[in-house]
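Here the structure is laid out as structure tokens; the discussion comes afterwards.
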Amino acid sequence: MPELPEVETLRQHLDGVARGFRVQKILVNKPRIVRPESVTAFKRLLGGQTIHHIDRRGKFLMVHLNGGSPFKPLIIHLGMSGRLFFRDRSDAFQDIPHLAVALEGDDRVLCYVDVRGFGRWTFDVSSLERMGPEPLDPDTFHPEYLQQICRDRSVKIKDLLMHQERVAGLGNIYVNEVLFLSRLHPMRPAGTIPKPGLVVLCQAIRKTLTEAVRLGTSSDLDFEGTGRGDGFFYFGRSGQADREVKERFRVYGREGQPCPACDTPILRMMISQRGTYYCPTCQTL
DNA sequence: CGTCATGTTAAGGA
DNA sequence: TTCCTTAACATGAC
């Protein structure tokens, strides 16, 4: 589910309902999620703490705590399939399929469901420390920064933009959208893009992410992935909700459909084992 | 049976 | 050392 817009939408939602939530009891059904910490060590760090507020960095949620021994925030990454939502404590939350972690409070339970188990709950900040700038922060993310990270690099521009140490928060869906708006071929070596192209790229990144956050925060969302909401958090392959979501994308998931700009059929190729969608007329090498 | 899926990262080569 | 590429992780849908 999660690229920067989805995580930011979830953050805004959770921040409004999670403040003051005190962790009374912790259930860890999938120990892999709290790696490399042991389950007992993880519980010792989190037990009894109260959620103060929730921040975001790239695709990571940072759950700031107080009242406990470590003042380090709990860092949550949703991986490919993580979902986070509250349930009433009287509900049978323990029967939820693929429930990986549950934090029981006084009357609510914060449930973390993760089918594939790529997500992570940790107090280790090492992956945050190397993270690139926030693309929506104009002070640190601007055409000159893009110029700096692209210079002398032969890596494909798509791979560079998805690398979290270069830009925080872009993933495989929005990077396709960004490159389409920028008229850049996904395989274009980063170092061959002239300055005007990087100015356009910077604008495209800001526009794509800002638009997606605005859509997310103004919609009735399905945080649990039950299909009852408008499906913004539920990118499956079929179903009404998924089609509604995919209609918002200009090229992602649109192989064979006409380019919104020139009607040429959208192509799909694999780059670094990820599906890549582009218009061969608008995005040339 | 095979392919694909919103992500990260360890390992290896140049 | 830096840069770049690839495979692996785990589960479900089609």
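A, B, ... follow the sequence lines: proteins, then strands. Residue 1 opens every chain.
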Task: Contact nearer the 5' end of DNA chain C, comparing A/Arg116 with A/Ser272 - done: A/Ser272
Task: Nearest-nucleotide comparison on DNA chain C, the residue closer to the 5′ end among A/Val155 and A/Gly117 - done: A/Val155
Task: Derivation and outcome, salt bridge (Lys or Arg N to Asp or Glu O under 4.0 Å), residues A/Glu144 and A/Lys195 - done: CA-CA 8 Å; A/Glu144 291 70 33; A/Lys195 182 69 179 292; 3.3 Å; yes
- [ ] Give A/Phe60 one of three labels, base, sugar-phosphate or nothing, depending on what nucleic acid heavy atoms sit under 4.0 Å from its own.
- [x] nothing
Task: Touch class at under 4.0 angstrom, heavy-atom based, for A/Gly275 against every strand present - done: sugar-phosphate
Open item on the list: When you compare the side chains of A/Ser81 and A/Asp114, does any donor N or O come within less than 3.5 Å of an acceptor on the partner?
Closed with: yes
Could you work out which one of [options] sits closest to the side chain of [X]?
| X | options | answer |
| --- | --- | --- |
| A/His98 | B/dT9, C/dT11, B/dT8 | C/dT11 |
| A/Arg166 | B/dT8, B/dA5, C/dC3 | C/dC3 |
| A/Pro2 | B/dA5, B/dG7, C/dT5 | B/dG7 |
| A/Lys156 | B/dT8, C/dC3, C/dT5 | C/dT5 |
| A/Asn172 | B/dG7, B/dT8, B/dA5 | B/dG7 |
| A/Arg32 | C/dC9, B/dG7, C/dT5 | C/dC9 |
| A/Lys59 | C/dT11, B/dA5, B/dT8 | B/dT8 |
| A/Arg268 | C/dT5, B/dC4, B/dG7 | B/dC4 |
| A/Phe118 | B/dT8, C/dC4, B/dG7 | B/dG7 |
| A/Arg153 | C/dC4, B/dT8, C/dT5 | C/dC4 |

Nearest atoms (heavy-atom pairs only) where [X] meets [Y]:
| X | Y | value |
| --- | --- | --- |
| A/Leu160 | A/Cys150 | CD2-SG, 4.3 Å |
| A/Lys59 | A/Gly169 | CE-O, 3.4 Å |
| A/Glu3 | A/Asn172 | OE2-N, 3.3 Å |

Task: Whichever of A/Gln273 and A/His77 has its nearest DNA chain B nucleotide further upstream toward 5' - done: A/Gln273
Open item on the list: With a 4.0 Å cutoff (strictly under), does any side-chain N or O of A/Ser154 reach OP1 or OP2 of C/dC4?
Closed with: yes
Task: Residue-phosphate contact under 4.0 Å: A/Tyr277 side-chain N/O, B/dC4 OP1/OP2 - done: no
Task: Dot-bracket notation for DNA chain C, counting Watson-Crick and G-U pairs under 3.5 Å, with | for partners on another strand - done: .||||||||.||||
Can you tell me how far [atom2] of [N] sits from [atom1] of [X], to the nearest Å?
| X | N | atom1 | atom2 | value |
| --- | --- | --- | --- | --- |
| A/Ile76 | B/dT8 | CD1 | C1' | 17 Å |
| A/Ile271 | B/dC4 | CD1 | P | 14 Å |
| A/Tyr174 | B/dA5 | OH | P | 16 Å |
| A/Leu78 | C/dT11 | CG | P | 18 Å |
| A/Glu165 | C/dC4 | CD | C1' | 13 Å |
| A/Arg35 | C/dA10 | CZ | C1' | 11 Å |
| A/Lys30 | C/dT11 | NZ | P | 6 Å |
| A/Asp114 | C/dA10 | CG | C1' | 9 Å |

Open item on the list: For A/Pro135, run the side-chain contact (heavy atoms from CB on, under 4.5 Å) check against A/Leu4, A/Leu170, A/Thr140 and tell me which one passes.
Closed with: A/Leu4
Open item on the list: Are A/Val109 and A/Leu103 packed together at the side-chain level, in the sense that at least one heavy-atom pair is separated by less than 4.5 angstrom?
Closed with: no
Task: Test item: A/Ile33 and A/Phe42 side chains (from C-beta on) under 4.5 Å apart, heavy atoms - done: no
- [ ] Look only at the side chain of A/Asn29 and the backbone of A/Val101, and say whether a donor-acceptor pair between them is shorter than 3.5 Å.
- [x] no
